[in-house]
Structure formats: structure tokens, C-alpha cells
Amino acid sequence: MTADSQKNERYNAREAERRWQKAWDERGIYATKNDDPRPKYYVLEMFPYPSGRIHMGHVRNYAMGDVVARFQRAMGKNVLHPMGWDAFGMPAENAAIDRKVHPKTWTYDNIVAMKKQLQSMGLSLDWSREIATCDPAYYKHQQKMFLDFLAAGLVERKQSKVNWDPVDQTVLANEQVIDGRGWRSGAVVDQRTLTQWFFKISDYAEDLLQAIDTLDRWPGKVRLMQKNWIGKSEGLLVRFALDPTTAPNKESELEIFTTRPDTLFGARFMALSPDHPLATAAAAKDPKLAAFIAECKKLGTAQEAIETAEKMGYDTGIKALHPFDADWKLPVYVANFILMDYGTGAIFGCPAHDQRDLDFVNKYGLGNTPVVCPPEVDPNSFIITDVAYDGDGRMINSRFLDGMTIEHAKQDVARRLEKETRGNCPVAQRQVNYRLRDWGISRQRYWGCPIPVIHCDKCGIVPVPQNDLPVVLPDDVTFERPGNPLDHHPTWKNVKCPQCSGAARRETDTMDTFVDSSWYFARFTDPWLTSAPTDREMVDEWLPVDQYIGGVEHAILHLLYSRFFTRAMRKTGHVGMDEPFAGLFTQGMVVHETYRDNAGNWIVPAEVKVEGGEGHRRATLIATGEQVEIGPIEKMSKSKKNTVDPDDLMDSYGADVARWFMLSDSPPDRDVIWSEEGVQGAGRFVQRLWRLIGEIAGVKAPAARPAHFSDAALTVRKTAHRALANVSEDVAKLRFNRCVAQIYEFANALSDALGGIEQAPSPDLAFALREAGDILVRLFYPMMPHLAEECWSALGHQTLVAAEAWPRLEPDLLVEATITLPVQINGKKRADVTVPRDAGKEAIEAAVLALDAVKRALDGKSPKKVIVVPQRIVNVVA
RNA sequence: GCGGACGUGGCGGAAUGGUAGACGCAAGGGACUUAAAAUCCCUUGGGAGUAAUCCCGUCUGGGUUCGAGUCCCAGCGUCCGCACCA
């Protein structure tokens, strides 16, 4: 193809993209070898749930990951960039119920469709490592690890109050309940008591918390969210003696947890959770209390109700004795706001310094005693009425603590009560509490990884022998009845006990799908291995993931589970490190305007035409011309119908345009607003680059590098290398929007340089232009790889850009002989001064003072001060 | 309630304490064209001036500094996370 014929020819993305994808494929250049000697780089995007179609969020996520992968490859790294499918989960079962398709069929059909979509994006993925978590070849290893964890004491079966999703008819972990609703179904969750399998993530609470500080390439926001979720609080466990004449049975004491032992002398009451054993015992003798507790439990089923419920209490008549004064008797209430599963399920109430306690005493007329006095307030006139004081100050009304700081008082109380004993045990001990609960993994669903244990009446819980793994899901299940199809299966659950050979039952619960995604990154390092979940050499070579990219919505769930799971795998010998993800990047969402017709129905953007600009934008229905209301910009969602199908985008503009636009408009960690205009702009730029490269391809350059470069040639070279330096830095830091701006600027400058040439350029300029063209192509290659290949070929190269190294920077070209410094007078820019790069402060000062603008401003006087910041700025203080 | 982030043109957004508004979008004007599309050129924070140039300007009010969008204090607003956690 000649340069002239290219000039008027538009770049045909559809044709070119298919052609280059085929070329990459044929050469297998994205298949990663495990024995490659180059330094490794593992880049991973969160693998998708195979819902059937990719959405714009996927396009953005995978475009970013692909830029990183291609860049690191060009930088000479052995890059691992795999893809797989988070393939178990409820939607497959819902499809089975709604459409009578088997979950397996539905899932694998979706995988085929989505894989095709991802491939059309031109992602540099190693598909030879593809895994699906619903494949027995994958979950076999998960079952093996479950058994290893069980043997290592990391798994527990216990009765517990669980979050029950009435729509999905299954249990949810705390992390999976958002605002009192199931994270997937959106149904209001209620509480049930069931026997469940748990991973003992709370054993690692402290370690998971401490190690957050080592994750220096994670967003601060995610680290903070995890810290808060783990929710460490340090305090004192205190045993209060009970007045035996008031205690219901033989209970002699009540244990409470407090983080404020300093306020013990402000105590006014004790409160028990309605589920507390002492409350239960007391209720046995007091029907009214029993009724109160029943009322609390009714109210307390849904989380929403808890949040709005009024504080209510019931005086049990039991009296607790103050630990520092046996004559001081505190009433013991049952109160609806005390949680059984935090601390001991009981508190002492200090109303003056805790808002909840204050609300409570104000309702029941128990009064309050302030014991911490704010600085610069007279202790004698300090009273609390409606607002509790939780600030700093000195102790008052607290006998031997008076005058101490809060911290000092806490220590003093702890020391005294630790020394005191009752029944050979100290009255108090220091304790650390965490908000983090164990991870309940039992799900009463079919489409998940079977939990490999057998229940035997004689032997109890018996692990499935390793040789019998995997426990494969049966295919012949029905979804006609609500509940767990595995439980309804006629034969599957009936097995012989591996120990006594008697009749036994399989566990019919399956694992939470978050288990599946807690180790897939490790499996990618050797997905072919059949004998074990991981090959230690390979997994220790590749992990941790150097750059993990995904949505911030996984800040707690998936990312915390994976951190725990990696620790558990280490303990059981499957990996050699604690932290799975060294670098984490959380990308923003793709958002779009919403549209509604007169009747208030949501309208999909594809059916809407938007016209006008600057405040007089209006939208109409393409079909009827009916006016449509433009609503707020929101996350693309099916319910608001503000989605754009990536396939449509790629069909009309090509994958490169879709990728470029997704990377261009907003910083990658913020939301990007999808707009047709923005996409068109990206499409125009693709054509512009194509024309520009066509022009450069028409420049005849000498094969050998000229010995000398003219000023014009040098300017072109400097522009190119400046762009190279900037883009390299920005890609490495994942600042894709700045990369895009740099590339625009570079292309603009190159266009200008070409436009200014009237005759055939001199050999040195021609060489510089060709060099700049080569650099430009390789700079936009990670973002628009197909266009880059086409351009690279047009420039006469026989190689693939995908196999090229990143351009080599000539740092000398970044250094200018002279620099132009802004000159400020009293902090305001008034002039420029051009000086040699290495000019000393005195020389710069002299040059500045000689400027007309400076002379005018000084009006003959000498300046008070001249500040010269070399390479930066000069400020004259008049 | 607790914790965190953010606040810059018509819009998305640039700016190691050092020339505010890079780059893109939108808009306006012009060229080419029979016309349209495509493309190219110019203008585009506000104000004054023929112009050189000057004044104002990064949510509001203070402060630190030769110099503040950036740092500190107070307030207003938006977004996010957690939330009877003792």
C-alpha cells in the first residue's frame, strides 16, 4: 500500500482488528511460559461472573489490565495475564427455575458467548490457562483444601444465628448483607438459627489488621475500609458480682466487656442482651420479662427494624455489685439494643459519657453522674442532660481516679481489678474484641462447590477420603421445589460412611461462591496440575499478583476473604506467602445519563436522540419524536435501562475506540461518564492517527542515522522523547487519562511539524519524523493495539508491535540548552526570562533585574528580595 | 452518630508549594464543497481597553509563606464506607 493511496482511505477497524487478532493468535504470543527466565509480572483483573454478556464495566476493567500487561511485556517482563470464570452462583439456578435450562448448560453457554466478546476486545490474555470454578477439575482442589483447613482447625461447624435470605432461600455472610438486605436478591434478610460451616477468619483478625500496613500499593480507602471492618477495640472484661438474693438461680456474677473502664464510677445500670443466658434464666421466673424478650426478638428480626427501633429496657430486679464498692448496687436491665454476639452480650451503662446509655436512663429516670470533665470547665458546674460527653478531660466524681487523665484512669482500673480475685480468678482481664465474625460458608444451594464431608450417626462428621475427591455435583436435579435441590435428590446424598461403612448422608450444603474466588489467582499459576491445588514452585514464583484491578465494591468481601484464604493456604502448605495482591487498583464505574418518557418509563439510550448543548440539551425518542426527560447520571444498570451494549460500540467503532474512550475521559479510579460525543471523539482520533502515520510513512528517510540533526529535526526528536518519558511514567502509575492527553499532544505536535514542511524534508528531518512515528505507534499500542499493528505495518515494519520492546529513551533529548523561567513580581507572573540551563542564581537575578517589566515595577528602587528557584521560577519582592 | 474522600471554565478533567485551566468534549466563527459528511484554520474563565497591557478568578472565611488550587484552622456542600460494636 502506498502512502498516497492511504491518504484518503479510512482505517477499517472491523477488518483490521480481526486480522491482527488472528495474527497474534497464530503466533501464540500471549501464552506465558512458566520457565521463562525474564523477571515476572502478574497482572490480573477480577474474573467475571458469566452472566451472559459483558458490560461496559468489564470493558473498562479489562482495557486497563490489558494496557498494564502489554506495557510490562514491552518492558521485558514475563507477563502472566490470565482469564477465567467465577462460574458458580445463584443466577444460574434462577435461570434453571425461570427457563428450565440446566445451570451447567446455561453457565457454559454464557462462557462461550462472553469469551467471544472478550476476544473481540483484543485482550492480550493467555487463554490456555482459562479456568471455570464450576469445573470439577477446579473445585476438586477446593474440596481438598477445605479438608486440609478442617484438619488444621481452620474450619468449624457451629450453631449460629445466621442471615437468611428468604428469596434466595439461603444463608448470607455478614459481609453479604447490605443495609439489611441480601447483596444479590435485595430481599430483607431475617435471622435464623442453623448449624453451619465456618472458616475461622477471626483467628486471623489481628494478623489481617496488622498486615494492612504492609499493603502500600493498595488504595488508602480500601485499607481503611478493611481496618474498620475488622473493627478492633481494646478493653477490659469485668466480672460483676450479683446480689444473691436477687439472682434467679445460682448465678453469682455477670461478665461485661467495656472499652471505658475509666468511667466505672459513672455507672448507673447494667444491661443484658435479650439472648443473654441470665436474661433467659430470669425470664423463666418472670412472665412479663419473657414477654418483653419475645417482643424484642420479634422486632429484632430485620436489621432495618433494629436501626430505627427505640431503646427499650426491662428491669429484671437483679442487682449487680460495683466492683469497687460492694454496697453499690446497680439494677440489671434487659435491653433491646445489646447485641449477644459482641463482647459478652452485657454492658455496664455509663450514661454521662455514652449517648445510647444516656437516652436509656433519660427514658427510665435513672439519672447520670459525669466522671470526665472537659478541660477548662468547672467540675462543680459540669452537668449532662441530653448530650453525652465522649471527649477528653480529667476524672471527677471517681474517688481514687479523680484528677487522672482518661488513659491513666483506664490503666489504673485495669491494674487494680486484675489484681483482685474472686474464686481464684481475677475480677477483670484485658481483652481485645473484633467486629470481624467468622465466615459462614454454608449455602443451601445446588450450583456451588459441594462441601466434602459425610454425616454418620455413629462416627459423626467424617471427611470424604482424598481418593474420593472430587465430590461431583449430580446433573439430574430438579428445581421445581423451593430449597436445596441436592437435599431433594433421591440418591446423591445417601452414601456409606468411609469409617464404619454404615449408612450415612452427604453434606448437602455447598460453599459460598466467594470461596471459589478466594484462590483462583493461585490456580492460574499452574492450572494444568491435577495432583494438587498448586505447584509450590510455580505459585511462589508468580504470587503475589503485581497488579490486581477491579471494582471497589469488592473492597471488603472478596479482598478480605482472599487475604484470609491465602493465609490458610500457607498454613496448609499450598502457598508460601500471606498476601495475594501486592498492588491493587480499584477502578470507577461507568455511568450514563438516564432517560424517561412522559409515562415515567426508563428508556434505553439506543432509542434516544440527544441534541443541542450548553443548557439546552433535549432528548427525543428516535422512533416517534416524543420528548424524553433527561435524568441524572447514574451507574449503568438494567433497572434504569441506561446501559450501552459493548458489542454495539465495538461493531460501530471497533475495539480500539471502545478501549481508548474508556481510558481517556476520567481518572481511572473515578467514574467515567459514557457519552456518544466522547466515543465519537475517540473515533475521530483513531482516523487522525491513521492519516498522520500515513503521511509519515510517505516520508523517505535514510536507513542510517544522520550524524547531525538540524534544529527542526532536533525539535521533533525532543517532542517524541518528551512524550515517551511522560507516557512511560503515566502508564507505570496507571494514570491512563494523562497518557491519553500526552499522546494527543504528541500527535498534535507531530501534525504541526509535518504541516510546516513544504518540500521533501532533509534526510535528518526525515529520519527524525520516522523515528517519532515509530515512537508514537508504540506509545499508543498498549491502549489501541490493533491500530498500532496496522500503523506499524504501514510504516514498513515486518514485525509485530506486540513483540516489540518499549522505545528506548534518550535522556539527553529531555535537556534543553536554555530554559524559560516565569518571573513573578510580588507573587504575580509579570514576565519570562530565558537563561542558559546551568545559569547560576546571580546570573539569573541579573537577567531578571534587567527586564523592562521588572524595572518598571521597581521604579528605580532596589528590590527587597529576589527568590530564585533554579529550573522553576523567579520571584521579585518589590 | 463515627470514619474517609472530594469541591477548579458550559462539561470530563490538568497542575513535585512555583506561569491555574494541559488534553479532550461541547459551543461560536471561518475555509473547502452545488450541498452534506469528512477534514482543516481561528475563538472560547469573567471584566476593562483599538492595542500593548491591566484588574478579578480554583466552595466561603481566616492563617502560614517571597509565593497557596495545593499546607493549617473554621464553616458550607457533595459523595462513599460503617453503624445500637459497649
A/A741 vs A/G678, nearer the 5' end of RNA chain B by closest nucleotide: A/A741
Worked check of ring pair (Phe, Tyr, Trp, His ring centres under 6.0 Å) between A/F337 and A/F360: CA-CA 10 Å; A/F337 62 93; A/F360 190 79; 5.6 Å; yes
Which nucleotide, in any strand shown, forms a Watson-Crick or G-U wobble pair with B/C79, with both distances under 3.5 Å? B/G4
Whichever of A/N737 and A/G343 has the more 5' nearest nucleotide on RNA chain B, that residue is A/N737
Would you please classify the geometry between the A/Y364 ring and the A/Y333 ring as parallel, tilted or perpendicular, with 30° and 60° separating the classes? tilted
Measure the distance from CG on A/D671 to C1' on B/C6 and round it to the nearest whole Å. 13 Å
Of the candidate nucleotides B/A86, B/C82, B/U39, which contains the atom at the shortest distance from the side chain of A/R691? B/U39
Pick the C1' atom in B/U58 and in B/G46, then give their distance to the nearest Å. 14 Å
Base orientation of B/G13, chi within 90° of 0 counted as syn, else anti, reads anti
Look at A/D341 together with A/R437 and state whether they make a salt bridge at an N to O cut-off of under 4.0 Å. yes
Salt bridge or not between A/E634 and A/K640? Use side-chain N to carboxylate O under 4.0 Å. yes
Taking only side-chain N and O atoms of A/Y342, does any of them lie within less than 4.0 angstrom of OP1 or OP2 on B/A86? yes
If you go through the side-chain atoms of A/N228, does one of them form a donor-acceptor pair with the base of B/C82 closer than 3.5 Å? no
OP1 or OP2 of B/C85 sitting under 4.0 Å from any side-chain N/O of A/R356? yes
Looking at A/E816 and A/R837, is there a salt bridge between them, counting it only when a charged N and a carboxylate O are closer than 4.0 Å? no
B/C85 phosphate, OP1 or OP2: any side-chain N/O from A/R437 under 4.0 angstrom? no
Distance between C1' atoms of B/U70 and B/U65 (Å, rounded): 13 Å
In the structure shown, which nucleotide is the Watson-Crick or G-U wobble counterpart of B/A52, with both distances under 3.5 Å? none
With a cut-off of less than 4.0 Å, is there a side-chain N or O of A/R688 near OP1 or OP2 of B/U39? no
Any carboxylate oxygen within less than 4.0 angstrom of a Lys/Arg side-chain nitrogen, looking at A/E206 and A/K232? yes
Of the nucleotides B/U19, B/A86, B/C85, which has the atom closest to the A/R435 side chain? B/C85
Does the plane of the ring in A/Y389 sit parallel, tilted or perpendicular to the ring in A/H353? Use 30° and 60° as the thresholds. perpendicular
Both distances under 3.5 Å, Watson-Crick or G-U wobble: report the partner of B/A37, or none. none
Considering only atom P, compute the distance from B/G21 to B/U39 and round it to an integer number of Å. 28 Å
In whole angstrom, give me the gap between the P atoms of B/U64 and B/G77. 28 Å
Stacked cation flag A/R10 on A/W690, 6.0 angstrom / 45 deg: no
Considering Watson-Crick and G-U wobble pairs with both distances under 3.5 Å, what does B/C66 pair with? B/G18
Given B/A14, B/G18, B/A86, the nucleotide with the shortest approach to the side chain of A/R670: B/A14
Distance, P atom - from B/G9 to B/C59, rounded to whole angstrom: 7 Å
Interatomic distance at C1', B/A83 relative to B/C66, whole Å: 48 Å
OP1 or OP2 of B/C25 less than 4.0 angstrom from a side-chain nitrogen or oxygen of A/R684, does that happen here? yes
Roughly how far apart, to the nearest Å, are B/U44 and B/A22 at atom C1'? 16 Å
Which nucleotide, in any strand shown, forms a Watson-Crick or G-U wobble pair with B/A27, with both distances under 3.5 Å? B/U43
Tell me whether the side-chain N/O atoms of A/N748 come closer than 4.0 Å to OP1 or OP2 in B/G24. yes
Rounded to the Å, how far apart are A/I673 CD1 and B/G10 P? 16 Å
Please state how far atom CZ in A/R872 lies from atom P in B/U70, giving the value in whole angstrom units. 17 Å
How far does the C1' atom of B/G45 sit from the matching atom of B/G13, given to the nearest Å? 15 Å
Taking atom NZ of A/K864 as the centre, report whether more than 12 heavy atoms of other residues, nucleotides or ligands fall under 6.0 Å from it. no
Short N-O contact, A/K227 and A/D213, less than 4.0 angstrom: yes
Verify the contact: side-chain N or O of A/S664 to OP1 or OP2 of B/G12, cut-off strictly under 4.0 Å; return yes or no. no
Mate of B/G57 across any strand shown (Watson-Crick or G-U wobble, both atom pairs under 3.5 Å) is none
Side chain of A/E745 only, please: which of B/A22, B/C85, B/C82 is the nearest? B/A22
Within the sub-3.5 Å range, which N or O atoms of nucleotides 55-65 of chain B have a protein N or O partner, and how far apart are they?
from	atom 1	to	atom 2	distance (Å)
B/C55	OP2	A/R830	NH2	2.9
B/C56	OP2	A/K828	NZ	3.3

